[in-house]
Chemist: 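Okay, here's the structure, questions in a sec.
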Amino acid sequence: MSDRSFSRHRRAGQKFRPNRTQSFKPERAAIEARAEVLGEKPASEGVFDLKRHEREIERSENRAAGLAEDAATPAAVVAAEGVRKRDYREPHLDTPEKVEEETEPAYKPVPVSGTAPGLMGTLRAVTDRVIRRVQRLMRPRVHSQKEVIINAESLETRVGLLEQGRLEEFTIERTEDERLVGSVFKGKVRNLEDGLKATFVDIGFEKNAFLHYWDIVPAGFDSGVELVERDNRRSREKPRITQKDIPRLYPPSTDIVVQVTKGPIGNKGPRVTTNLALPGRFLVLLPNSDQCGVSRKIENHEERQRLKRIVRSLTIPDGMGVIIRTAGDGQKARFFVRDLAFLLAEWRAVQDRIATVPAPACVFREPDLIERTVRDFLTEDVDRIIVDDHTQYQRIREMIGRISRRSASKVRLYADSQPVFDRFAITRQIETAFSRQVHLKSGGYIVLDETEALVAIDVNTGRHKNGKDADSTILKVNLEAAEEICRQLRLRNIGGLIVLDFIDMKSHKDRQQVYQRMREGLKRDRAKAHVLPISQLGLMEMTRQRHTESVRESVYDDCPYCKGRGKVKSALTMSVEIQRKLSEILKKRQRDESDFQLRIMVHPTVLERLRTEDEELLIEMEKRYFGKLSFRPDPTFHAEQFKIVNVADNEELVCVGG
């Protein structure tokens, strides 16, 4: 065979021919999901499709902030580095200890003593109870007690969502924090960077907002929204804006109306868009888009068709559009008409402020936590809303009364002396949101570590005991861990790239079962999430929408002692560093000098090491270099701090860690 023939056959043999059963959708979906985590407003569902250009926008944003274009390390790369450090993880030879299932008692709602409802309130409550009993008789269903607990204080507001007494969602908002995400600003264009394809907009903050060209061009709907064509929609005569038109339409010093989609994180300023979206109870109003749609989370086909007919029947001004939210499932048409009228009135007020106030200025403030809770959590399956502040109690009843008078009876005022979060056992459950280790009922536990690039979650078996059916026991622990991980992601508000290390499973069927359990658990998450199947290395990679800092970052500051590392140098390490400095100083001095003395001041724990285990080494150093060393403890010193002084003239020769 000739060389040419051999080369041709070898190249032909290297061609990859995928069969019909192979698919690359998970890889493509993973790339798209990575972009989603930098995404949209937490309170409203996804509206506009920004995934196509998200990677380009992310790179430009990193360059604008002075970071590397690929600042976040891909999950796969980090996972591979971890594998290289410890080699391939062998399966555990032991299995988790078998734990007998404990039958939990039926959950009983905590009684709340509030103000007297009055005659009309009592009649409404009795009527509602009768209606619910009749509905249960006609159509029995499994009822899950769902309660919203609101703790309103002068400095912060906390909201917890309980299901059968178990904390499923937790949100905290400080009164002094700016509610940026979702707010609309009248800004002023400061400069355009064609290299970044971005505009920097002054909205009144220290850092200018980042507005990419793709966030100015009108965007299509997100994949979670189904487009609804309206017959009576007039065709727009305005030409479509392209990236080439942006420098001409928005030169420096031009006023522009933008909405914040992501708050400032780290060195990056806020990110904004001109594709505005004002969320209501059942609708989302799109002032700058004439498209209409229905949330795909409403899965019933007949209901979706009914909602499409409602959308087509709504009287929407030209150039505007609406989207029916998931909360609109099963609602009557008059509720959508009323919600649209409220949103249009709100937008007219925004337009009045845009026309009157000079830039930069906020023209629409995202509602506070309590109003967002009423807007997003008040559904038919919520049994009670309990609030411990009388002013907020009256405010919530007034807001709910505009939506549904019958639902106003669900609001209860908590007036007991015991804190409301303690009464409902929420405080104890919140503590797990700040704990690195979370225990499972099966005896195992999960460990969560947040880093700059990603979040690593490890599942461990905890107590071990050899068992006959190890595979089923491991599967049971992994399934329980999958449910708890989904819950912890919601409670901690963790976003970005997440790598999960489950206990190794031999069976492909078991791995798929854990993967499906994760997908089911993430369906109830309001933040967008995308998860991939367990890889050959036993790792599951996923992304979750990141729009604000996690609960841990917003509540805690870095330790001033260890600078957030969680560790300090050991006494042995400090002894080595001190001896290295002493050797350097003693070697430099002239041997003919007489009575060369050094005083070393250190932390007491380091001094204990120098006086005991390293005493002989220091004596030998004195003899070798003809010097005299004296040590002094100083409790005010940091564990990594020491100071070397020349005794003769009190000259400070070395100061480390001060």
Chemist: Could you tell me which residues satisfy side-chain hydrogen bond (donor to acceptor under 3.5 Å, both in side chains) with Glu303, sequence neighbours excluded, listed by chain and number?
Modeler: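 With sequence neighbours excluded, Glu303 shows a side-chain hydrogen bond (donor to acceptor under 3.5 Å, both in side chains) to Arg306, given in chain and number order.
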
Chemist: Using the test side-chain hydrogen bond (donor to acceptor under 3.5 Å, both in side chains), find all partners of Asp422 that sit at least two apart in sequence or belong to another chain.
Modeler: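 Per chain and number, Asp422 pairs via side-chain hydrogen bond (donor to acceptor under 3.5 Å, both in side chains) with Thr427.
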
Chemist: Would you please name every residue forming a side chain to side chain contact (heavy atoms under 4.5 Å, CB included) with Lys188, sequence neighbours left out?
Modeler: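 Applying side chain to side chain contact (heavy atoms under 4.5 Å, CB included) to Lys188 gives Arg190, Asp255, Ala359.
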
Chemist: Identify, with sequence neighbours excluded, every residue that meets salt bridge (Lys or Arg N to Asp or Glu O under 4.0 Å) alongside Arg338.
Modeler: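 In terms of salt bridge (Lys or Arg N to Asp or Glu O under 4.0 Å), with neighbours along the sequence ignored, Arg338 is linked to no residue.
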
Chemist: For Glu156, which residues count as a side chain to side chain contact (heavy atoms under 4.5 Å, CB included) partner, sequence neighbours excluded?
Modeler: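 Testing Glu156 for side chain to side chain contact (heavy atoms under 4.5 Å, CB included), a comparison that skips the adjacent residues, returns Glu153, Arg158, Ile172, Arg174.
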
Chemist: Could you tell me which residues satisfy side chain to side chain contact (heavy atoms under 4.5 Å, CB included) with Val337, sequence neighbours excluded, listed by chain and number?
Modeler: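 Here the qualifying residues are Leu314.
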
Chemist: Could you list the residues that satisfy side-chain hydrogen bond (donor to acceptor under 3.5 Å, both in side chains) with Lys332, not counting sequence neighbours?
Modeler: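 Checked Lys332 against side-chain hydrogen bond (donor to acceptor under 3.5 Å, both in side chains); zero matches.
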
Chemist: Using a strict threshold of under 4.0 Å (side-chain N to carboxylate O), is an ion pair present between Arg492 and Glu450?
Modeler: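 Here Glu450 does not pair with Arg492 in a salt bridge, since their nearest N and O are not under 4.0 Å apart.
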
Chemist: Is the shortest side-chain N to carboxylate O distance from Arg487 to Glu163 below 4.0 Å?
Modeler: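 No, this pair does not count.
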
Chemist: ring-ring contact (aromatic ring centres under 6.0 Å, His included) with Phe336: which residues, sequence neighbours excluded?
Modeler: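 Testing Phe336 for ring-ring contact (aromatic ring centres under 6.0 Å, His included), a comparison that skips the adjacent residues, returns Phe282.
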
Chemist: Could you pull out all residues at least two apart from Asn208 that satisfy side-chain hydrogen bond (donor to acceptor under 3.5 Å, both in side chains)?
Modeler: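 Asn208 satisfies side-chain hydrogen bond (donor to acceptor under 3.5 Å, both in side chains) with no residue once adjacent residues are dropped.
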
Chemist: For Arg517 and Glu484, run salt bridge (Lys or Arg N to Asp or Glu O under 4.0 Å): C-alpha distance rounded to whole Å, both residues' side-chain angles, the deciding distance at 0.1 Å, then the answer.
Modeler: CA-CA 11 Å; Arg517 183 67 60 89; Glu484 183 63 27; over 6 Å; no

Chemist: What residue pairs, at least two apart or across chains, pass side-chain hydrogen bond (donor to acceptor under 3.5 Å, both in side chains) with a residue in residues 348-365?
Modeler: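 Those involving residues 348-365 are Glu178-Arg365.
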
Chemist: Provide the full list of salt bridge (Lys or Arg N to Asp or Glu O under 4.0 Å) pairs with a residue in residues 386-396, sequence neighbours left out, each pair given once.
Modeler: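 Listed once each, the pairs are Asp368-Arg395, Glu371-Arg395.
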
Chemist: Report the residues that fulfil side chain to side chain contact (heavy atoms under 4.5 Å, CB included) with Thr171, sequence neighbours left out, ordered by chain and then residue number.
Modeler: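 If we apply the side chain to side chain contact (heavy atoms under 4.5 Å, CB included) test to Thr171, skipping adjacent residues, the hits are Leu369.
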
Chemist: Please check if atom CD in Glu299 has more than 12 non-hydrogen atoms from other residues, nucleotides or ligands closer than 6.0 Å.
Modeler: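 It does not: Glu299 CD has 12 such atoms or fewer within range.
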
